[in-house]
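Below you'll find the structure, written out as structure tokens, and then a few comments.
So that the names make sense, note that chain A is the first sequence line, chain B the second, and so on, each numbered from 1.
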Amino acid sequence: GENVEQHPSTLSVQEGDSAVIKCTYSDSASNYFPWYKQELGKRPQLIIDIRSNVGEKKDQRIAVTLNKTAKHFSLHITETQPEDSAVYFCAASLTALSNDYKLSFGAGTTVTVRA
Amino acid sequence: GAVVSQHPSWVICKSGTSVKIECRSLDFQATTMFWYRQFPKQSLMLMATSNEGSKATYEQGVEKDKFLINHASLTLSTLTVTSAHPEDSSFYICSARLLAGTETQYFGPGTRLLVL
């Protein structure tokens, strides 16, 4: 099955600086890579996703890059704000009906933005 | 749109009792629902995949007789933790995938279970 590794496990940044979280995956057939943000005790919320036919995607202060050859993808948050403090999870999936579009999650990164 | 609810949001029960958790897609029909378990400061671990009208598919190591899943309609899936024990205490989260939609999963708010 798919194995997703995520680094770092914790990340502390000064407000206004950038944050980068990196993930690697094992199954070269995976073709869908979402990122979720989870605040303490709350549900994971999708913040951005990328599919394997695209190398980069941006949404305001958030961007994701994908390197299929190296099997890794990264989340970039620019101009960080205190409300960006949360746990971030990357995930990977082979989007096929045969496997129900299951997601494999990374271990998570706790991001703390210092004011 | 794409709102998923869970009930109850938290439950405390005695060891040996059974607990039922409901997951509903409020404004869409969900072909597939997923059940996850999340221990403190850990990632989401997929327990099972539930397709409407068919038996759930359980991940390796998850006891199907202990975690009963029923997906009776396109908007409702239930997870019953039978004969709960303290080690079953966790945060249980469901997610739903849109019928004939994309691969995006929408998560419920979670149910915190504490077994005494």
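Across all non-hydrogen atoms, the minimal contact from A:Glu39 to A:Ala86 is CG-CB, 4.1 Å.
A 6.0 Å sphere centred on CG of A:Leu40 holds no more than 12 heavy atoms belonging to other residues, nucleotides or ligands.
Interface residue B:Gln105: backbone and side-chain heavy atoms are both found under 4.5 Å from chain A. Using a 4.5 Å cut-off between heavy atoms, B:Gln38 touches chain A through its side chain atoms alone. For A:Gln38, the part lying near chain B is the side chain, with the backbone staying farther off; criterion is any non-hydrogen pair under 4.5 Å. Both the backbone and the side chain of B:Leu44 have a heavy atom closer than 4.5 Å to some heavy atom of chain A. Residue B:Thr104 touches chain A through both its backbone and its side chain, counting heavy-atom pairs closer than 4.5 Å. Heavy atoms closer than 4.5 Å to chain B are found nowhere in A:Pro34, neither backbone nor side chain.
A salt bridge links B:Glu103 with A:Arg51; the closest basic N to acidic carboxylate O contact falls under 4.0 Å.
A perpendicular orientation is assigned to the rings of B:Tyr36 and A:Phe105, their planes being inclined by more than 60° (bins at 30° and 60°). Ring geometry, B:Tyr92 versus B:Phe67: the interplanar angle falls from 30° to 60°, so the pair is classed tilted.
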